[in-house]
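Have a look at the structure below, then the notes.
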Amino acid sequence: MKWSHEQRKQKLMEVIDRTDELNGKASAPIFGIEFVDYTEKDEFIVNYHIKSWQRNPFGNLQGGMICYYIDATAGTLSWVAVDCDPVGTVDINVNFIRVVPEDAEYITVKAKVISIGRRVVVATAEVYDPDGWLMAVATTNTTRLLPPDPNPTIVKL
């Protein structure tokens with residue numbers, strides 16, 4: 001990481017400020033993001049405000065949305081950790097601990113990069129409800145994306 005802590009924090013806040021643009025690209029009001037903190041221990045903390053359509057038939061936040069928010073948080077942090085080089089998610093391993101209840105207005109996702117390799121960035125994330133109960137934990141792997149090959153080899157079958 002060549003950027004200072006403050007430069008990384010500024011980049012993360014800039015991404016959060018682009019919520020309306022991101023919602024426009026998704027053609028849906030998916031993101032209701034609120035920047036909470038980027039701590040001295042390099043932990044990125046955001047709140048996601050839950051929309052009614054993100055709930056399952058039981059009224060709880062749908063598990064796929066939890067994965068989505070983990071990916072959005074850990075992926076953004078991984079991107080900033082490698083100085084905004086393009087990254088793509090390889091995998092996410094989520095352990096659901098309890099449901100996000102229907103009266104919860106938001107969840108808090110805390111992400112931290114734990115390893116930066118030549119190609120793979122490993123991050124962890126924790127999801128909390130507004131009362132501070134742990135809802136899920138996850139590990140993500142993202143890879144630095146290479147630029148397109150200017151001389152691709154075409155294989156004819």
Side-chain angles (χ1 to χ4, degrees), residues 1-51 53-54 61-100 104-130 132-150 152:
M1 289 188 281
K2 63 184 172 192
W3 289 349
S4 71
H5 175 82
E6 283 304 313
Q7 288 171 313
R8 289 190 305 274
K9 183 175 184 176
Q10 185 60 40
K11 280 289 181 192
L12 290 167
M13 289 191 304
E14 287 172 14
V15 170
I16 299 302
D17 287 343
R18 295 178 52 216
T19 299
D20 290 337
E21 177 187 340
L22 297 172
N23 283 333
K25 286 183 178 184
S27 300
I30 294 172
F31 293 104
I33 309 170
E34 174 188 353
F35 178 86
V36 176
D37 198 5
Y38 180 61
T39 70
E40 289 298 321
K41 293 183 178 182
D42 296 317
E43 185 177 49
F44 181 37
I45 306 170
V46 293
N47 289 337
Y48 289 97
H49 296 274
I50 301 169
K51 312 277 193 248
W53 63 267
Q54 296 171 332
L61 181 60
Q62 201 272 340
M65 290 307 306
I66 294 172
C67 291
Y68 182 81
Y69 289 143
I70 289 167
D71 188 32
T73 307
T76 300
L77 182 60
S78 297
W79 173 71
V80 169
V82 295
D83 307 320
C84 298
D85 287 338
V87 296
T89 302
V90 175
D91 60 28
I92 302 174
N93 180 6
V94 180
N95 292 306
F96 298 99
I97 297 169
R98 59 180 52 87
V99 300
V100 178
E105 295 179 14
Y106 66 90
I107 59 170
T108 300
V109 180
K110 298 178 180 183
K112 182 168 179 59
V113 168
I114 59 171
S115 174
I116 301 173
R118 284 187 13 211
R119 290 290 307 272
V120 176
V121 179
V122 181
T124 59
E126 297 174 339
V127 179
Y128 296 90
D129 76 356
W133 286 92
L134 184 63
M135 303 284 108
V137 294
T139 303
T140 70
N141 292 294
T142 56
T143 186
R144 295 180 194 216
L145 300 177
L146 299 174
D149 186 348

Using the rule given for side chain to side chain contact (heavy atoms under 4.5 Å, CB included), can you reason through Val90 versus Val120, listing the C-alpha separation, both sets of side-chain angles and the distance that settles it, and then say yes or no?
CA-CA 9 Å; Val90 175; Val120 176; 5.6 Å; no
Mind running side chain to side chain contact (heavy atoms under 4.5 Å, CB included) on Ile33 and Tyr48 for me, showing each step along the way?
CA-CA 5 Å; Ile33 309 170; Tyr48 289 97; 3.6 Å; yes
Go through Leu77 and Tyr38 one step at a time and tell me if the side chain to side chain contact (heavy atoms under 4.5 Å, CB included) criterion holds.
CA-CA 10 Å; Leu77 182 60; Tyr38 180 61; 3.8 Å; yes
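Every residue meeting the side-chain contact (heavy atoms from CB on, under 4.5 Å) condition with Asp91, not counting sequence neighbours, appears here in chain and number order: Asn141. Looking at residues two or more places apart in sequence or on another chain, you find a side-chain contact (heavy atoms from CB on, under 4.5 Å) between Lys112 and Lys41, Asp42, Thr124. Partners of Tyr106 by ring pair (Phe, Tyr, Trp, His ring centres under 6.0 Å), not counting sequence neighbours, listed by chain and number: His49.
The shortest non-hydrogen separation linking Gly75 to Val87 is O-CG2, 4.1 Å. For the pair Ala136 and Val94, the tightest heavy-atom approach, listed with the atom from each and the gap, is CB-CG1, 4.2 Å. A pairwise comparison of heavy atoms in Asp37 and Lys9 identifies OD1-NZ, 4.1 Å as the closest pair. Residues Ala81 and Val113 approach most closely at CB-CG2, 4.0 Å, considering heavy atoms. Annotation for Val99 and Met135: closest pair O-SD, 3.2 Å, computed over non-hydrogen atoms. Across all non-hydrogen atoms, the minimal contact from Ala123 to Ser78 is CB-OG, 4.1 Å.
Applying the side-chain hydrogen bond (donor to acceptor under 3.5 Å, both in side chains) test between Thr89 and each of Asp71, Thr143, Thr140 identifies Asp71 as the sole match.
Counting only heavy atoms from C-beta outward, the side chains of Val127 and Tyr69 never approach each other to under 4.5 Å.
Rounded to the nearest 0.5 angstrom, Glu126 CD and Ile70 CD1 are separated by 10.0 Å. Arg98 contributes atom CZ, which lies 8.0 Å from atom CG of Asp129 (distance to the nearest 0.5 angstrom). Thr108 contributes atom OG1, which lies 11.5 Å from atom CG of Leu134 (distance to the nearest 0.5 angstrom). Rounding to the nearest 0.5 Å gives a distance of 12.0 Å between CD1 of Ile50 and CD of Gln62. Once rounded to the nearest 0.5 Å, the distance linking CD1 of Ile66 with CD of Gln54 reads 10.5 Å. Atom OG1 of Thr76 is separated from atom CD of Glu14 by 12.5 Å, given to the nearest 0.5 angstrom.
Side-chain atoms of Arg144 do not come within 3.5 Å of backbone N or O of Arg119 as any donor-acceptor pair. No donor-acceptor pair closer than 3.5 Å links the side chain of Thr139 to the backbone N or O of Asn93. A donor-acceptor contact shorter than 3.5 Å links the side chain of Arg8 to the backbone of Trp3.
Classification of the Phe44-Phe35 ring pair by plane angle, with boundaries at 30° and 60°, yields tilted.
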